[in-house]
Amino acid sequence: MTRPDTPPTVAAPADLPFSPAAERNAPHILRVLQGWLPPAAEVLEIASGTGQHAQHFAQAQPQWRWWPTEAQAAALPVLQARCAGLANVQAAQVLDVVAPAWPVPAGAFDAVVVANLLHISPWPATAAFFRGAAQALRPGGCVAVYGPFVVPGEPLVPSNAAFDADLRARDARWGLRSLAEVQAVALAVGLRLADRCDMPANNLLLRWVAA
Ligand SMILES: C[S@@+](CC[C@H](N)C(=O)[O-])C[C@H]1O[C@@H](n2cnc3c(N)ncnc32)[C@H](O)[C@@H]1O
């Protein structure tokens, strides 16, 4: 039975690029974000990819205004098409985290959310991400980062070790990041790690707040 508070489902065109992994992890990420973010929030998403997370989260939380972004302009039509029926999704914008200035208002967001970017970009993108996120956040806001990490003192499970090796073979600048090193670059821009949620498939969802 449909619960009375279940928002209407917005169908996206069937032929859009589709990520099975994004579809699988979306409900798990949403459940954690619902505990971390206020019921009404301005949310900047970095590296929105296929837009499945934007669609899923914005649909579930009509009072979150979702700002999807992508590094490549070519990705925007897919984002636009997937979120077309959702009034609480802003027009998708080009945002490359390493750009000197992000094309979004400073100090305006309750949350900056990113999934699966830090290990699929050169290391300087991680520092650039936190620098931009710190500027985008309003006081009391948080940064949520989802993905696999190497956690010093904890064994790296074989699937994550294999994923790391595969990433590095594809691009020597990529690879799973050390959580300690990520914490250091975040702290350098005034963000401290406040929460860690262990997620399915050996991923983490991490929340940073003002130090
Ligand atoms: C593995 S996909 C993740 C997409 C989506 N967040 C998800 O979890 O399904 C990585 C995404 O990062 C984007 N990306 C790569 N480098 C970037 C950069 N410098 N700034 C912003 N996005 C970037 C890519 O275009 C790609 O969409």
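First listed ligand is number 1; within each ligand, the first listed atom is number 1. The first residue of the sequence shown is numbered 1, and numbering continues consecutively from there.
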Please determine whether residues V43 and L137 belong to a single hydrophobic cluster, defined as Ile, Leu, Val, Met, Phe, Trp and Tyr linked transitively by side-chain heavy-atom distances below 4.5 Å.
no
Note: heavy atom closest to atom 10 (C) of ligand 1, options V97, I120, N116, belongs to N116
Do me a favour and list the nearest non-hydrogen protein atom to atom 5 (C) of ligand 1 with residue, atom name and distance?
A47 O, 3.4 Å
Under 4.5 Å between side-chain heavy atoms, counting indirect links through other Ile/Leu/Val/Met/Phe/Trp/Tyr residues: same cluster for F129 and L179 or not?
yes
Less than 4.0 Å is my threshold; does some heavy atom of H53 fall inside it relative to ligand 1?
yes
Do V98 and ligand 1 have an N or O pair less than 3.5 Å apart?
no
Please state whether L95 comes within less than 4.0 angstrom of ligand 1, counting heavy atoms only.
yes
Check: H53 and V113 side chains under 4.5 Å, non-hydrogen atoms:
no
Is the gap between the ring centers of F149 and H119 under 6.0 Å?
no
Note: ligand 1 atoms sitting under 4.0 Å from heavy atoms of A71 are 17 (C), 18 (C), 20 (N), 21 (C), 22 (N), 23 (C)
With a 4.0 Å cut-off on heavy atoms, does E70 reach ligand 1?
yes
Considering only heavy atoms of G49, which atoms of ligand 1 have at least one such atom less than 4.0 Å away?
4 (C), 27 (O)
Salt-bridge test for R196 and D198: reply yes if a basic N is under 4.0 Å from a carboxylate O, no otherwise.
yes
Connected via hydrophobic side-chain network under 4.5 Å: Y146 and L118:
no
Numbered atoms of ligand 1 (with element) below 4.0 Å of A22, judged on heavy atoms
9 (O)
Between the candidates L117, D96, L118, which shows the shortest non-hydrogen contact distance to atom 17 (C) of ligand 1?
L117
Taking atom CD as the centre, does Q72 end up with more than 12 heavy-atom neighbours from other residues, nucleotides or ligands that are less than 6.0 angstrom away?
no
Connected via hydrophobic side-chain network under 4.5 Å: V89 and I29
yes
Near A115 (heavy-atom distance under 4.0 Å), the atoms of ligand 1 are 3 (C), 5 (C), 6 (N), 8 (O)
